Trainee: 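The structure that follows is given in the form of structure tokens.
Lettering of chains follows the sequences in order, A, B, ..., and the numbering in each one begins at 1. Every heavy atom of this structure was used, including side-chain atoms; hydrogens, water molecules and symmetry mates were not. As the structure is a prediction and not an experimental result, all values here were calculated from the model.
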Number of protein chains: 2
Amino acid sequence: MNVETALQKLKEKGYKRTKQRERILEIFVNQDQYIAAKEILKEIQTDFPGVSYDTIYRNLYMLTDVDLLEATELGGEKHFRLCCDTHGHHHHFICTDCGKTKSIEFCPMDSINESLNGYDVENHKFEIYGKCPQCH
Amino acid sequence: MNVETALQKLKEKGYKRTKQRERILEIFVNQDQYIAAKEILKEIQTDFPGVSYDTIYRNLYMLTDVDLLEATELGGEKHFRLCCDTHGHHHHFICTDCGKTKSIEFCPMDSINESLNGYDVENHKFEIYGKCPQCH
DNA sequence: ATTTAATTCGTAATCATTCTTATTTGTGAG
DNA sequence: CTCACAAATAAGAATGATTACGAATTAAAT
């Protein structure tokens, strides 16, 4: 996934192309890991000193909405990462040191649906936390 | 699990018996679901108008520490529930309407360790969200 | 180029959680 | 039972992430 493809997808959905959005997308394309809102803000402020949290959050949520990003809560902060929908649904190992992730192709829901008769499953979360080989 | 058993366990660990703790435990014993800190506070204030958030959080964390409660983050708030360690490690279906839970005996980590060679797994989270039969 | 709706800025408000200090309370020893 | 001390609590302020809002700016369509 590159920045242009992502912006194209936004255009199709009726969202405008802005410098701030380009920059936000660049950050995610360059870093294959979950990033907190405040880190995005810090990064962007080097180019656009005036950006506000409002802009960051609005765009992060919008990008999550159109499935360009996926979100999770880590240590009380929302974190986002590029949603690599080149391969299908999957989960992640998340390094609690460096934040880098490793895809887990296995989804536990495959083995489980029969035991939830009568329950309307809307969503699920499966994440593994620990230290990656580099940080270990 | 009843309140007296829980207080006994606390005493063994050197924690004192206080009216606030009794009341907190009562709430959890009576409700088999994840509860937010502020709901605990509201409930307790009917008996102890002066309780502070500090007391709530301090006790919730302490109770989680001694494995009487388990915690999770739902909608940006920490939630707690009685940890029924009568049966071993397990996960939960959580109803997004009423908050009630259903135990899932299956743990995905059993099927996965071989694919994480070199990774130091410290923790994992597996939760299923949706509507229970009553709320559906 | 003009218009229009989306987007951003700047700042203030909100909400959950944590911290600080003084006071109160439970517990075990005498 | 009473005392002393450590532990626990109360009260309110501080923090930090997130959300909200009106005014100003900007992208894109006509």
Trainee: Do the charged groups of Asp32(B) and Lys100(B) touch, with an N to O distance under 4.0 Å?
Mentor: no
Trainee: Regarding Tyr61(B), tell me which of base, sugar-phosphate or nothing describes its non-hydrogen contacts under 4.0 Å with the strands shown.
Mentor: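 Answer is sugar-phosphate: Tyr61(B) comes under 4.0 Å of backbone atoms only.
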Trainee: Do the side-chain N or O atoms of Gln20(A) get closer than 4.0 angstrom to the phosphate oxygens (OP1, OP2) of dT26(D)?
Mentor: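 Result: no.
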Trainee: Polar-atom pairs under 3.5 Å, protein N or O versus N or O of nucleotides 20-24 of chain D: list them with distances, or write none.
Mentor:
| from | atom 1 | to | atom 2 | distance (Å) |
| --- | --- | --- | --- | --- |
| dC21(D) | N4 | Asp54(A) | OD2 | 3.0 |

Trainee: Looking at dC15(C), I'd like to know if its phosphate oxygens (OP1 or OP2) sit under 4.0 Å from a side-chain N or O belonging to Lys38(B).
Mentor: no
Trainee: Is the shortest heavy-atom distance from the side chain of His91(B) to the side chain of Pro108(B) under 4.5 Å?
Mentor: yes
Trainee: With a 4.0 Å cutoff (strictly under), does any side-chain N or O of Arg58(A) reach OP1 or OP2 of dT8(C)?
Mentor: yes
Trainee: Expressed as a whole number of angstroms, how long is the span from Lys13(A):NZ to dA5(C):C1'?
Mentor: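 Taking NZ of Lys13(A) and C1' of dA5(C), I get 20 Å after rounding.
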Trainee: Regarding Arg23(B) and Glu26(B), does a basic nitrogen lie under 4.0 Å from an acidic carboxylate oxygen?
Mentor: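 A salt bridge is present here (some side-chain N lies under 4.0 Å from a carboxylate O).
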Trainee: If you check the Lys16(A) side chain, which of dA27(D), dC9(C), dG28(C) turns out closest?
Mentor: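 Side chain of Lys16(A) sits closest to dA27(D).
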Trainee: Nearest 0.5 Å please: distance from the OH atom of Tyr61(A) over to the NZ atom of Lys78(A).
Mentor: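 The distance works out to 3.5 Å.
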Trainee: Within less than 4.0 Å of OP1 or OP2 of dT8(C), is there a side-chain N or O belonging to Thr18(A)?
Mentor: yes
Trainee: Provide, to the nearest angstrom, the distance between the NZ atom belonging to Lys19(B) and the C1' atom belonging to dT25(C).
Mentor: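 Those two atoms, NZ and C1', are 7 Å apart.
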Trainee: Atom CG of Asn59(B) and atom P of dT25(C): how far apart are they, to the nearest Å?
Mentor: 16 Å
Trainee: Quick one: is Arg21(A) getting a side-chain N or O under 4.0 Å of the dT7(C) phosphate, OP1 or OP2?
Mentor: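 Yes, within the criterion.
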Trainee: Taking OP1 and OP2 of dA7(D), is either one under 4.0 Å from a side-chain nitrogen or oxygen of Lys11(B)?
Mentor: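 So the side-chain polar atoms of Lys11(B) never come under 4.0 Å of the phosphate oxygens OP1 or OP2 of dA7(D).
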